[in-house]
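First up is the structure itself, then whatever we jot down about it.
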Amino acid sequence: MNETTGGVEMDEEVSGVVKKFLYVNRKAPYGTIYALESLEVVLIAAAFDQDVSLVFMDDGVYQLAKGQHTKSINVKNFSPTYRALEGYDIEKLYVEKESMDARGLTAADLIVPVTMLSTAEMADLMESQDVVLSF
Amino acid sequence: MNETTGGVEMDEEVSGVVKKFLYVNRKAPYGTIYALESLEVVLIAAAFDQDVSLVFMDDGVYQLAKGQHTKSINVKNFSPTYRALEGYDIEKLYVEKESMDARGLTAADLIVPVTMLSTAEMADLMESQDVVLSF
Amino acid sequence: MKFGIMVNEGPYTHEASDTAYLFAKAALEKGHQIHRIFFYHDGVNNSTKLTEPPQDDRNIVARWTKLAADYKIDLVVCVAAALRRGIRDENLAEGFRISGLGQLIESGIQADRLVVFGD
Amino acid sequence: MKFGIMVNEGPYTHEASDTAYLFAKAALEKGHQIHRIFFYHDGVNNSTKLTEPPQDDRNIVARWTKLAADYKIDLVVCVAAALRRGIRDENLAEGFRISGLGQLIESGIQADRLVVFGD
Amino acid sequence: MLHTVNKSPFERNSLERCLDYAKKGSAILLIEDGVYGALKGTAVTEKVKKAMKNVTIYALYPDIEARGMQDRAIDGIKLVDYSGFVDLVAEHRNVQSWV
Amino acid sequence: MLHTVNKSPFERNSLERCLDYAKKGSAILLIEDGVYGALKGTAVTEKVKKAMKNVTIYALYPDIEARGMQDRAIDGIKLVDYSGFVDLVAEHRNVQSWV
């Protein structure tokens with residue numbers, strides 16, 4: 001199996017199309033696996049030359065919190081992977097300002113640079129997508 | 001395996017003790033399996049001669065709603081089983097009034113007779129138990 | 001129209017796999033195509049052939065197998081999610097295949113709509 | 001003191017089985033006893049020997065097996081919940097046994113405390 | 001676009017967040033436990049009615065019927081079956097599932 | 001009695017319901033995603049602080065640390081490890097898990 005493309009042989013039919021893919025992350029890390037498995041999808045998505053955006057809202061903003069130390073719960077800390085996304089040319093990371101405010105968080109609390117959008121701006125972004133994958 | 005007692009051979013050690021068991025039902029039926037599998041526990045619990053109480057609160061009150069017709073979602077309608085509980089000597093069914101009010105439900109909307117308690121009364125009931133199983 | 005479907009929760013525990021199945025069936029009966037059904041997260045548990053529900057209940061796994069046979073639907077189980085949860089070729093039900101996450105992205109590209117069914 | 005433990009969610013997907021394990025281990029290390037660990041709902045998926053998590057991740061199933069061996073803990077998987085979800089003797093990991101819901105009630109009676117770990 | 005909500009508005013924040021996001025002219029389909037958001041006389045009814053001024057709200061009738069809520073849908077909420085669900089997905093450019 | 005809450009107060013109603021139920025003198029332990037309820041400066045902080053006048057609130061430190069929230073716990077919330085969790089269960093007659 002081709003590891004980079006997650007089991008897909010690239011052909012013209014796939015590689016010719018560019019769609020807007022939005023990954024919506026609304027869940028906190030570690031309490032459930034959705035955050036980690038969402039990230040695994042995004043890493044594969046990078047191989048497909050699509051127009052990829054990531055949204056972090058509600059408890060999803062906690063995925064990007066600095067200072068995660070998971071040794072005591074014996075789970076892998078996957079937060080450094082968000083820093084690696086740039087290397088995969090995944091650079092459009094959006095965070096909902098209202099979600100940050102409700103949790104007393106600011107951009108300085110996050111491990112990666114993000115674009116902060118209001119709910120209304122996020123709604124516009126969501127509306128403009130071709131494919132929305134929610135986790 | 002003994003079906004009635006769910007795999008347990010009754011002996012004096014088990015049958016001599018009477019504890020207060022509370023089953024707390026907070027989830028709606030059909031969206032998840034918790035309501036159904038909680039009921040399956042209660043039916044087995046009946047064989048143990050313990051002091052059993054059932055609490056329905058939050059979306060758990062919907063488990064007792066009249067008029068459930070599940071044919072179109074192709075799932076078994078298990079609501080008639082609540083009516084059968086009396087035959088198992090499980091007669092202490094409590095419903096939280098605040099949860100009913102928030103959902104616009106009254107006792108007449110439920111398929112079984114229940115005791116309606118306020119949140120404060122429910123909290124007292126919960127406090128007085130030996131074992132609390134939450135679904 | 002060509003639909004892609006993603007199923008993210010296990011059978012019985014969440015209604016998601018029921019809804020996904022009934023949606024897929026309705027789409028097919030209306031003459032639409034299903035490009036692929038992709039099982040992710042606990043959704044991979046839809047594919048175990050060891051399931052044995054009570055006699056009076058629906059058999060969710062068998063129902064997917066039949067749908068795949070009747071309409072030639074591609075049922076793909078994510079390999080990484082499956083290994084974590086104990087789904088392998090040896091307990092995989094007929095009609096399913098195990099492959100990578102690229103199959104999901106490809107479905108997003110090739111299908112006209114991708115619909116997510118989750119918790 | 002004698003604890004009973006109920007685990008209601010599958011491994012990896014929810015933290016419940018991690019918390020239950022770390023709780024059980026801490027209790028044992030403090031000299032308490034574990035009367036039984038009962039796996040219900042998706043919790044039955046903690047017992048599949050076919051699981052194969054990534055190399056850098058914890059192996060939740062193997063960890064239960066080792067706990068059972070080290071401390072002689074009774075790990076019981078609910079038969080009805082297991083059959084629905086494709087857990088049978090043939091894919092059951094070492095240290096687990098399949099039995100009925102009465103085992104849970106019995107644990108509630110015989111243990112000094114029963115603690116539920118769920119979603 | 002089409003939004004789907006499958007959780008009870010009394011238990012989770014997904015309907016509330018969906019209503020924040022659903023732009024004028026878009027559609028919301030309530031399914032599974034989400035159908036409890038489609039009912040008259042509850043603590044969230046007024047919020048839903050208010051949203052109906054800007055968006056069209058649908059509810060999956062098989063899920064309403066399963067839960068015994070046949071006679072309780074808010075007037076103006078459109079009831080659909082699975083075939084109607086398929087039509088809604090086909091008619092809208094994209095779908096956000098508020099899982 | 002001891003109450004445990006394992007869900008985020010921003011996503012679900014379990015912390016709120018637990019606070020309704022926790023009687024004077026009882027204890028609440030926040031675990032897993034429930035620890036987000038133990039933090040300063042959030043939309044639920046004031047509600048939690050108010051409850052602390054009547055009940056003792058604990059939070060599982062390994063879960064706080066995993067989430068990078070080490071420096072954010074509300075003053076007066078007691079941080080425990082798994083050993084402390086075991087002690088809390090042993091010290092109280094019964095446990096309600098707000099799953």
Side-chain angles (χ1 to χ4, degrees), chain B residues 1-28 31-55 58-60 75-76 78 81 88 90 126 129-135, chain D residues 1-10 13-14 16 19-20 33 35-47 74-89 92 96-119:
Chain B
M1 195 172 91
N2 186 320
E3 292 288 335
T4 319
T5 58
V8 170
E9 295 303 318
M10 291 292 187
D11 58 19
E12 284 175 20
E13 195 183 354
V14 173
S15 56
V17 184
V18 177
K19 282 189 174 181
K20 289 185 177 179
F21 275 71
L22 184 69
Y23 294 85
V24 179
N25 297 286
R26 294 182 58 237
K27 305 259 168 67
T32 53
I33 204 173
Y34 303 102
L36 168 62
E37 290 192 330
S38 166
L39 194 52
E40 292 182 351
V41 177
V42 169
L43 292 174
I44 294 292
F48 283 77
D49 294 322
Q50 301 293 305
D51 182 355
V52 172
S53 299
L54 271 59
V55 156
D58 295 325
D59 286 339
V75 169
K76 192 185 164 190
F78 58 91
T81 310
Y88 288 83
I90 293 172
M126 194 181 276
Q129 302 296 313
D130 297 305
V131 180
V132 185
L133 290 171
S134 313
F135 295 92
Chain D
M1 189 168 266
K2 215 190 296 177
F3 292 105
I5 290 176
M6 182 180 188
V7 181
N8 289 339
E9 296 297 330
T13 307
H14 294 87
T19 309
Q33 289 173 269
H35 172 262
R36 178 172 294 150
I37 303 180
F38 191 84
F39 297 87
Y40 197 45
H41 303 307
D42 274 2
V44 301
N45 292 324
N46 278 275
S47 70
D74 189 19
L75 305 180
V76 177
V77 176
C78 170
V79 60
L83 281 174
R84 262 192 196 107
R85 293 168 178 85
I87 301 290
R88 302 195 206 176
D89 283 327
L92 193 72
F96 292 86
R97 65 187 178 97
I98 295 177
S99 187
L101 280 165
Q103 302 282 334
L104 170 65
I105 310 298
E106 191 190 47
S107 202
I109 296 170
Q110 297 195 343
D112 300 302
R113 301 284 184 275
L114 184 62
V115 190
V116 177
F117 295 90
D119 175 36

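What's counted below: heavy atoms across the whole structure, side chains too, no hydrogens, waters or symmetry copies. Reminder, nothing fancy here: chain letters follow the sequence lines and each chain counts from 1.
Under the salt bridge (Lys or Arg N to Asp or Glu O under 4.0 Å) criterion, E37(B) pairs with R84(D), R85(D), sequence neighbours left out. Residues that satisfy the side-chain contact (heavy atoms from CB on, under 4.5 Å) test with K20(B), not counting sequence neighbours, are D51(B), S128(B), Q129(B), D130(B).
Among L101(D), V76(D), V77(D), the single residue meeting the side chain to side chain contact (heavy atoms under 4.5 Å, CB included) criterion with Y40(D) is L101(D).
Of the atoms belonging to A111(D), it is backbone heavy atoms, and not side-chain ones, that fall under 4.5 Å from chain B. For F135(B), the part lying near chain D is the side chain, with the backbone staying farther off; criterion is any non-hydrogen pair under 4.5 Å.
Counting all heavy atoms, side chain and backbone alike, F39(D) lies closest to V44(D) at O-CG1, 3.6 Å.
Counting heavy-atom pairs under 4.5 Å between each of V131(B), V41(B), T32(B) and chain D puts V41(B) at the top.
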